[in-house]
Amino acid sequence: MTIINVQSTPGVCGGNARIRNTRIPVWTLVSFRQQGADEAELLRNFPGLSREDLENAWSYYDRYRQEIDRVIASHQTDED
């Protein structure tokens, strides 16, 4: 399965998976979703994103859950 519009580039967003040519990491969207944000709220907060972008983020998370959960956990630790 190919997840379109998700890319990782060294030096951009810490090399983490992000939505196409943006600086919006998948882990950020997943983290907001886990905190209760729905898709409408995410689209309001990130007006450059489409519903397709969110679907790609969720698909990426489903496929690479451990990777994304690890990044989220590392950012939570940084904030504590």
Side-chain angles (χ1 to χ4, degrees):
M1 174 175 133
T2 301
I3 301 168
I4 57 171
N5 293 332
V6 173
Q7 57 192 178
S8 298
T9 306
V12 178
C13 295
N16 294 307
R18 60 191 170 90
I19 301 300
R20 48 187 165 81
N21 296 316
T22 71
R23 291 186 169 269
I24 304 170
V26 171
W27 73 263
T28 298
L29 298 171
V30 170
S31 180
F32 281 133
R33 187 181 195 197
Q34 290 173 342
Q35 294 172 49
D38 62 17
E39 289 193 4
E41 182 178 355
L42 291 170
L43 292 172
R44 279 193 308 276
N45 290 330
F46 298 96
L49 297 184
S50 66
R51 290 195 183 279
E52 181 182 7
D53 292 326
L54 294 180
E55 288 303 318
N56 285 316
W58 312 151
S59 294
Y60 188 92
Y61 180 59
D62 287 343
R63 189 165 187 189
Y64 300 102
R65 186 174 301 263
Q66 287 182 325
E67 169 194 330
I68 299 300
D69 286 344
R70 187 172 45 252
V71 175
I72 291 171
S74 74
H75 282 83
Q76 289 171 342
T77 302
D78 291 346
E79 294 172 1
D80 292 342

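Atom set for the values below is all heavy atoms of this structure, side chains included, hydrogens, waters and symmetry mates excluded.
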Review point. Counting distance only, does the side-chain N/O of Q7 pair as donor-acceptor with the main-chain N or O of N21 below 3.5 Å?
Key: yes

Check your understanding: Within the distance-only criterion (no hydrogens, no angle test), does the side chain of N45 pair as donor or acceptor with the backbone N or O of L42 below 3.5 angstrom?
Key ->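 Answer holds: no.
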
Check your understanding: Taking side chain as C-beta onward, heavy atoms only, is V30 less than 4.5 Å from I72?
Key ->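 Yes; the side chains approach each other to less than 4.5 Å.
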
Review point. S8 and A17: which non-hydrogen atoms are nearest, and at how many Å?
Key: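 Between these two residues, the closest heavy atoms are OG-CA, 3.4 Å.
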
Review point. Looking at Y61, is R65 sitting on its ring face, NZ or CZ under 6.0 Å from the six-membered ring centre and within 45 degrees of the normal?
Key: yes

Revision key, fill the gap. Of N56, T22, L49, the one forming a side chain to side chain contact (heavy atoms under 4.5 Å, CB included) with N5 is N56

**Study point:** Identified side chain to side chain contact (heavy atoms under 4.5 Å, CB included) partner of Y60 from the options V26, L29, I19
**Key:** V26

Practice item. Scan for salt bridge (charged side-chain N to carboxylate O under 4.0 Å, His left out) pairs involving residues 11-23, sequence neighbours excluded, and state none if there are none. Key: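 Qualifying pairs: R20-D53.
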
Practice item. Would you mind listing every salt bridge (charged side-chain N to carboxylate O under 4.0 Å, His left out) that reaches into residues 27-41, with sequence neighbours excluded? Key: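 Every salt bridge (charged side-chain N to carboxylate O under 4.0 Å, His left out) pair that includes a residue of residues 27-41, provided the two are not neighbours, is E39-R51.
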
Check your understanding: Heavy-atom count around F32 CZ within 6.0 Å, excluding the residue itself: above 12?
Key -> no

Practice item. Look at the aromatic rings of W27 and H75 and report parallel, tilted or perpendicular, splitting at 30° and 60°. Key: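 Plane angle under 30°, so parallel.
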
Exercise for review: Answer yes if the side chains of Q35 and S31 hold a donor-acceptor pair under 3.5 Å, and no otherwise.
Suggested key: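 Indeed, the side chains of Q35 and S31 share at least one donor-acceptor pair under 3.5 Å.
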
